[in-house]
Amino acid sequence: MWLPCGCTSKYVASSFARRTLASYLHVSGRSRCNVAAFMPEAAGLEGVSGRAALRELSVSNSESFWAAVARHRLCWSTPFHTVQDCDLSRGKIKWFEGGKLNVSVNCLDRHVHTCPERVALIWERDERGSEMKYTYGELLEMTCRLGNLLRRHSVKRGDCVTIYMPTCPLAVASMLACARIGAAHNVVFAGFSADALAERIRDAQSSTVITVNQGVRGGKVTELKKTVDTAVQSCPTVKQVFVAMRTDNPVTMTARDIAMEEEMLKEDVVCEPAVMNSEDVLFLLYTSGSTGKPKGLVHTQAGYLLYAALTHRYVFSYHDGDVFGCVADIGWITGHSYVVYGPLANGATTVLFESTPIYPDPGRYWDMVERLKINQFYGAPTAIRLLLKYGDQWVNKYDRSTLKTLGSVGEPINTEAWEWYHRVVGDGRCPVVDTWWQTETGGICIAPRPSDPDAEIVPGMAMRPFFGINPVLMDTEGEVLTSNNTSGALCMAQPWPGMARTIHNNHQRFIDTYFQPYPGYFFTGDGAYRSEEGYYQITGRLDDVINVSGHRIGTAEIEDVVNQCPAVAESAVVGYTHSIKGQGVYAFVVLKKGIDVQEADLSRQLNGMVSEKIAKYASPDFIQFAKRLPKTRSGKIMRRVLRKVVESDLEGLGDLSTLDDPAAVQEIIQGHEKLL
Ligand code: 6R9
């Protein structure tokens with residue numbers, strides 16, 4: 001693995017820095033507006049007094065707000081001429097057109113210019129106590145060498161490179177190298193199986209894949225290169241695979257494979273950044289929806305980066321010099337926005353966490369907080385629930401006095417976990433911010449203190465919309481609910497720069513999924529409650545997407561795999577409440593007539609198939625074999641009924657009159673009771 005080499009200011013002296021930085025660095029001057037002390041980005045907005053007015057303006061006059069912020073926060077090589085050109089009814093979203101910039105310059109060069117020795121990355125390797133630090137100068141060097149290497153191997157502007165790597169500095173450099181040369185990246189979570197990887201490579205039409213020989217997580221070695229070898233067999237587009245070395249173990253290299261570090265050494269440390277349009281694609285990221293096929297959400301350059309940077313700064317009260325510790329994997333949107341782009345755009349020191357919360361013991365996070373002096377810690381409720389069960393002693397052993405803010409993301413945080421996080425981890429002195437957002441939104445949309453660092457926080461509530469975010473709740477008729485103390489479908493009434501622009505190769509699906517259910521609004525797929533005070537609390541998905549340990553998975557994806565088993569006639573998968581994972585996977589399976597198998601054997605086989613075709617976390621916790629599934633007269637499986645059965649909420653079964661044969665429900669209930 002590429003080692004930090006103590007390189008210093010040669011970039012500043014480099015020809016690129018001399019020639020180009022000046023043209024990137026026209027940050028507008030600050031005015032005397034009195035919100036400037038709180039939000040210097042808004043300094044151009046004359047006449048706004050106070051944070052509440054600023055928040056108000058960000059929605060009522062979002063163009064002025066975003067224009068001022070974009071001018072201040074990003075370095076442009078050409079200023080934009082149009083702030084926004086959006087029409088939600090058609091799924092048309094464009095921000096900062098006319099503007100040109102390079103994301104890697106914004107994340108690296110401008111900080112190297114001012115402080116090359118500042119630490120950009122702290123790689124918290126799986127092996128405890130072996131962390132490695134990389135300065136902005138070193139990260140720029142890695143990125144430039146890699147950018148040149150990709151260019152030499154014919155990766156062009158507009159190509160899409162698939163990255164299948166654990167969270168490590170070379171993965172970050174790979175993302176930034178793509179950004180540097182104008183290629184899009186498609187990071188695939190390194191826990192995904194060969195089939196899932198292949199599907200994403202094919203859909204993205206990548207000809208280049210970047211991986212490592214082996215991954216190391218929780219003390220276990222995973223054969224990532226071998227998985228890529230299997231995947232690319234069904235990916236005719238793939239021409240080359242760059243292989244970095246995470247461990248010392250050699251792997252078989254074929255004609256298509258390129259030893260990444262070795263080749264990087266031959267490259268120049270200066271790499272001319274591509275001048276990108278605001279709306280050129282920065283990355284694709286696949287996520288689950290309610291159909292079997294994952295969708296490649298597309299994020300573009302300027303709007304995404306701006307939104308990631310601004311939310312990173314204000315939601316967590318990040319200040320210059322802080323060490324930001326987001327423990328998400330870079331394979332998820334949280335890793336993209338709050339491990340990589342947001343923190344680096346802000347010149348932060350960001351932690352790359354390669355391990356698990358309980359390796360080698362349940363003190364891992366807090367030992368890391370002490371060692372790396374982390375100021376903001378951002379993690380998932382599933383890990384908090386797990387650690388809570390191990391007891392307070394694992395937390396109390398370590399000095400956590402550097403912590404200032406604790407964040408939560410990915411799923412609802414239950415009160416018990418929230419209280420423990422606040423009282424034990426944060427010693428009752430750190431605000432806990434429950435942040436709601438999605439792959440689609442690019443960055444945090446609802447969080448407790450987006451515009452006021454002293455605002456009241458209610459446990460377990462995401463609470464307040466971020467600047468420029470205008471949430472609404474819809475009733476079942478598609479009408480906006482105007483009162484408080486009410487629940488409905490969570491939609492956004494206005495576009496914001498961070499939102500996804502389309503689904504790769506399928507704009508119609510983008511429109512159908514997000515803009516057609518409530519015309520003129522962006523539909524999130526989540527339900528929410530708005531309290532008497534106007535605070536938002538997310539109540540969960542309204543579609544067939546479930547959330548297992550913070551991983552989003554479509555039940556249809558699992559059904560697709562189960563149905564591929566020759567013995568299976570049909571299946572229905574639902575989520576059920578799980579004390580640690582948040583939700584677990586429960587599959588109902590109907591076998592074909594005349595099939596005679598041991599249910600235990602078949603269960604094992606089905607679990608194996610799901611792990612192999614998707615990922616381990618998607619594998620069912622329970623498989624219930626049934627003679628038939630409850631259906632409507634028109635033949636639709638009544639998932640609502642199945643969900644109630646697995647929650648043992650028989651009172652809540654509701655109206656069964658539309659069922660084709662109500663006796664099917666009784667059979668299902670009996671089968672469920674037997675399984676428990
Ligand atoms: C960032 C991320 C998005 C889905 C989202 C919602 C759930 C995320 C949440 C939350 C309750 C929170 N979700 N944050 N639910 N409270 N604070 O997780 O993106 O993987 O796309 O998942 O996760 O259901 O719709 P993604």
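Counting convention: from 1, in listed order, for ligands and their atoms alike.
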Protein residues having a heavy atom less than 4.0 Å from any atom of ligand 1: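 Answer by chain and number: I333, T334, V409, G410, E411, P412, D434, T435, W436, W437, Q438, T439, D526, I538, R541, N547, R552.
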Pairs where residues 465-482 contributes a residue and the test side-chain hydrogen bond (donor to acceptor under 3.5 Å, both in side chains) is met, not counting sequence neighbours: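 Matches after skipping sequence neighbours: N470-Q494.
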E416 atom CD, over 12 foreign heavy atoms within 6.0 Å: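 12 or below, so no.
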Residue among K581, R552, R541, R385 satisfying salt bridge (charged side-chain N to carboxylate O under 4.0 Å, His left out) with E411: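 When salt bridge (charged side-chain N to carboxylate O under 4.0 Å, His left out) is applied between E411 and each of K581, R552, R541, R385, only R385 qualifies.
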With a 4.0 Å cut-off on N to O distance, would you call [X] and [Y] a salt bridge?
{"X": "K94", "Y": "E279", "answer": "no"}
{"X": "R217", "Y": "E354", "answer": "no"}
{"X": "R313", "Y": "D322", "answer": "no"}

